[in-house]
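One structure is given below, encoded as structure tokens.
As the structure is a computational prediction, the values presented were derived from the model and not from experiment. By convention in this document, chain letters (A, B, ...) are assigned in the order of the sequence lines, proteins followed by strands, and residues within each chain are numbered from 1.
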Protein chains: 2
Amino acid sequence: MERIVIVEDDVFLREELQNILEKEGYSVECISSFDTPVKDIISASPSLILLDLNLPNLSGFDICRALKTKGIGPILVLTSRNQLSDELHALDLGADDYLTKPCHPKRLIARVQKLLHLYKNMHVLLDAGDFQIDELANILYVGKDSISLSENEGIIIKALVKASPSVVKKEELFHLLWGSSDYVDENILQVNMTRLRKTLDGVGLSNRIKTIRGVGYQLIGDDSL
Amino acid sequence: MERIVIVEDDVFLREELQNILEKEGYSVECISSFDTPVKDIISASPSLILLDLNLPNLSGFDICRALKTKGIGPILVLTSRNQLSDELHALDLGADDYLTKPCHPKRLIARVQKLLHLYKNMHVLLDAGDFQIDELANILYVGKDSISLSENEGIIIKALVKASPSVVKKEELFHLLWGSSDYVDENILQVNMTRLRKTLDGVGLSNRIKTIRGVGYQLIGDDSL
DNA sequence: ACTAACCTTACAACAACTGTAAGTGTTAAT
DNA sequence: ATTAACACTTACAGTTGTTGTAAGGTTAGT
């Protein structure tokens with residue numbers, strides 16, 4: 001069963017929303033104290049967050065930003081702010097949809113259903129700009145192409161993408177790949193880097209890994225060459 | 001570069017939309033003859049479809065339904081119909097968003113960007129109800145778990161899910177797996193079914209494949225037992 | 001009870017992945 | 001220019017997962 005978290009300080013509206021959603025069969029949890037809303041939302045393991053913008057302590061915008069940073073979603077903003085600039089700001093921060101009050105229950109339900117269905121039937125990829133990585137499957141998508149990476153290749157490229165544009169130190173890669181940098185021959189990392197570079201070369205992503213001697217490796221863009 | 005296909009019969013509006021989107025850097029293609037709109041849209045390989053509802057020949061609803069059937073998307077409906085029932089109908093047919101005319105260009109751009117970004121960084125899963133399958137990666141997601149399938153396991157379960165609740169004939173599986181049912185020993189399918197059942201069993205999806213003797217196999221739900 | 005259809009299990013071959021080892025190439029400091 | 005340090009490349013052998021084959025066991029229909 002999917003759990004919807006309602007983040008709304010107006011008690012009357014909060015209960016009305018809860019009724020509407022529970023009547024549709026959803027499990028609902030309401031955030032009713034606003035000391036640590038982000039933490040409370042995350043603790044509730046939401047399938048979807050229904051978020052107001054005018055809240056005590058922390059604005060809905062800040063909550064939206066914080067949740068997106070942690071990969072928590074989807075977020076449907078339901079607010080009395082009907083200015084276009086507010087909508088654009090919320091969408092930019094990562095809100096998945098933006099509805100204004102008053103909102104017909106049927107529209108709300110339809111939008112909630114749409115987002116729940118979408119997120120359930122999609123798998124998030126790690127975005128590297130001009131390519132994407134399926135973190136679980138170790139598949140790299142570039143343009144219309146895709147290529148399967150080995151376990152080690154996947155671990156390395158993910159670390160490089162997530163750290164980009166920073167350098168990933170050799171020690172960190174040792175740790176990610178082999179649990180420690182003690183008792184590990186440096187040569188195995190070098191062999192793995194060669195293998196990853198060769199794989200990337202095969203899909204047109206040549207020279208995208210830069211060696212920082214004595215430090216580690218860095219993912220670079222096309223335009224750094 | 002992402003290509004947006006505009007499906008709008010009003011010439012003035014069509015060109016205005018094209019200008020707005022091209023100014024944002026998108027490649028735009030307009031459907032300007034409405035004899036075979038679905039075929040034309042698909043031929044254009046769209047990253048996103050901007051779809052009007054009031055069209056000659058075939059209504060936008062029908063086009064939406066046809067595109068979703070073929071897995072083409074995302075679809076952003078932009079229409080003068082501002083009745084709630086129209087919105088609900090379109091969303092139900094699979095539209096990803098619904099905007100009414102007149103629409104501020106900034107809102108349109110924000111919504112377009114949101115959908116393009118979402119679909120680029122997500123990978124669509126094949127929905128089987130209580131589990132989902134990543135078709136390219138051959139990964140099965142059930143609840144919070146996931147399991148990697150072998151190539152053959154993936155081919156079989158995908159066929160079963162797509163045909164469900166119908167039976168998939170043995171001949172069809174022979175064809176999908178080995179290109180033909182000629183010169184193929186029946187035992188290899190049986191061994192593969194055993195392996196798939198064993199894999200499903202490992203993630204709690206036991207007894208979900210029913211044998212139809214002399215015919216083929218069928219995916220069944222939890223409640224068919 | 002009989003038998004065709006199907007399931008299960010074990011084995012061997014193959015491909016991909018991985019770590020090791022050695023030779024080669026590059027870089028930076030002197 | 002020299003050379004030590006660092007990094008890259010290549011080949012090999014061992015491991016693992018996948019796959020088809022073969023044989024014994026089970027099931028369902030007559």
Side-chain angles (χ1 to χ4, degrees), chain A residues 137-140 146-158 160 167-203 206-220, chain B residues 137-140 146-158 160 167-202 206-220 225:
Chain A
N138 282 331
I139 296 190
L140 183 147
S146 65
I147 188 155
S148 193
L149 305 171
S150 72
E151 186 78 27
N152 285 357
E153 286 172 340
I155 290 170
I156 299 172
I157 193 68
K158 276 185 283 185
L160 293 177
V167 177
V168 180
K169 292 180 177 172
K170 288 186 299 180
E171 286 73 33
E172 190 176 341
L173 289 172
F174 280 130
H175 193 263
L176 288 170
L177 289 160
W178 298 292
S180 158
S181 49
D182 302 329
Y183 316 115
V184 178
D185 187 341
E186 291 221 6
N187 179 252
I188 58 172
L189 178 57
Q190 292 153 13
V191 171
N192 275 279
M193 297 310 299
T194 294
R195 288 174 179 155
L196 175 59
R197 282 173 162 135
K198 189 167 182 180
T199 299
L200 294 181
D201 192 46
V203 286
S206 307
N207 304 312
R208 296 296 295 274
I209 299 179
K210 178 179 178 184
T211 306
I212 314 296
R213 281 177 77 96
V215 179
Y217 301 91
Q218 177 188 29
L219 186 69
I220 54 177
Chain B
N138 282 332
I139 296 193
L140 184 146
S146 64
I147 187 155
S148 191
L149 305 171
S150 72
E151 184 79 29
N152 285 359
E153 287 172 342
I155 289 170
I156 300 172
I157 193 68
K158 276 185 282 185
L160 293 179
V167 178
V168 180
K169 292 179 178 171
K170 288 186 298 178
E171 287 72 33
E172 189 176 340
L173 290 172
F174 280 131
H175 192 265
L176 288 169
L177 289 160
W178 299 293
S180 157
S181 50
D182 302 329
Y183 315 116
V184 177
D185 187 341
E186 291 222 7
N187 181 251
I188 57 172
L189 178 58
Q190 293 155 13
V191 171
N192 275 277
M193 296 311 300
T194 295
R195 287 173 178 156
L196 175 59
R197 281 170 163 138
K198 188 168 186 181
T199 300
L200 293 181
D201 193 44
S206 307
N207 304 312
R208 296 295 296 273
I209 299 179
K210 178 181 180 185
T211 307
I212 313 298
R213 286 178 80 98
V215 182
Y217 301 91
Q218 177 189 26
L219 186 69
I220 54 178
L225 300 176

How many Å lie between [atom1] on [X] and [atom2] on [N], as a whole number?
X: A:Glu151; N: C:dA15; atom1: CD; atom2: C1'; value: 17 Å
X: B:Lys169; N: C:dC6; atom1: NZ; atom2: C1'; value: 19 Å
X: B:Asn207; N: C:dC7; atom1: CG; atom2: C1'; value: 13 Å
X: B:Leu173; N: C:dC7; atom1: CG; atom2: P; value: 12 Å
X: B:Asp201; N: C:dC7; atom1: CG; atom2: P; value: 15 Å
X: B:Lys210; N: C:dC6; atom1: NZ; atom2: C1'; value: 15 Å
X: A:Arg195; N: C:dA16; atom1: CZ; atom2: P; value: 13 Å

Identify each donor-acceptor pair in which a side-chain atom of residues 150-157 of chain A lies under 3.5 Å from a protein atom, sequence neighbours left out, and give them as a table.
{"from": "A:Ser150", "atom 1": "OG", "to": "A:Glu153", "atom 2": "N", "distance (Å)": "3.2"}
{"from": "A:Ser150", "atom 1": "OG", "to": "A:Glu153", "atom 2": "OE1", "distance (Å)": "3.4"}
{"from": "A:Asn152", "atom 1": "ND2", "to": "A:Asn192", "atom 2": "OD1", "distance (Å)": "3.3"}
{"from": "A:Glu153", "atom 1": "OE1", "to": "A:Ser150", "atom 2": "N", "distance (Å)": "2.8"}
{"from": "A:Glu153", "atom 1": "OE2", "to": "A:Thr199", "atom 2": "OG1", "distance (Å)": "2.7"}

Exercise. Quick one: label A:Ile212 by what it contacts on the DNA or RNA (base, sugar-phosphate, nothing), any heavy atom closer than 4.0 Å.
Key: sugar-phosphate

Quiz prompt | Minimum side-chain heavy-atom gap A:Val215-A:Lys169 below 4.5 Å | solution = yes

Practice problem: Check whether any side-chain N or O of A:Trp178 sits under 4.0 Å from OP1 or OP2 of C:dG19, and answer yes or no. | Solution: yes

Quiz item: Side-chain N or O of B:Thr211 less than 4.0 angstrom from OP1 or OP2 on C:dC7?
Solution: yes

Self-check item: Range on DNA chain D touched by chain B - first to last nucleotide, heavy-atom distance under 4.0 Å
Solution: D:dT18 to D:dA28

Quiz item: Listed in order of residue number, which residues of residues 186-194 of chain B have a non-hydrogen atom at under 4.0 Å from DNA chain D?
Solution: B:Asn187, B:Ile188, B:Val191, B:Asn192

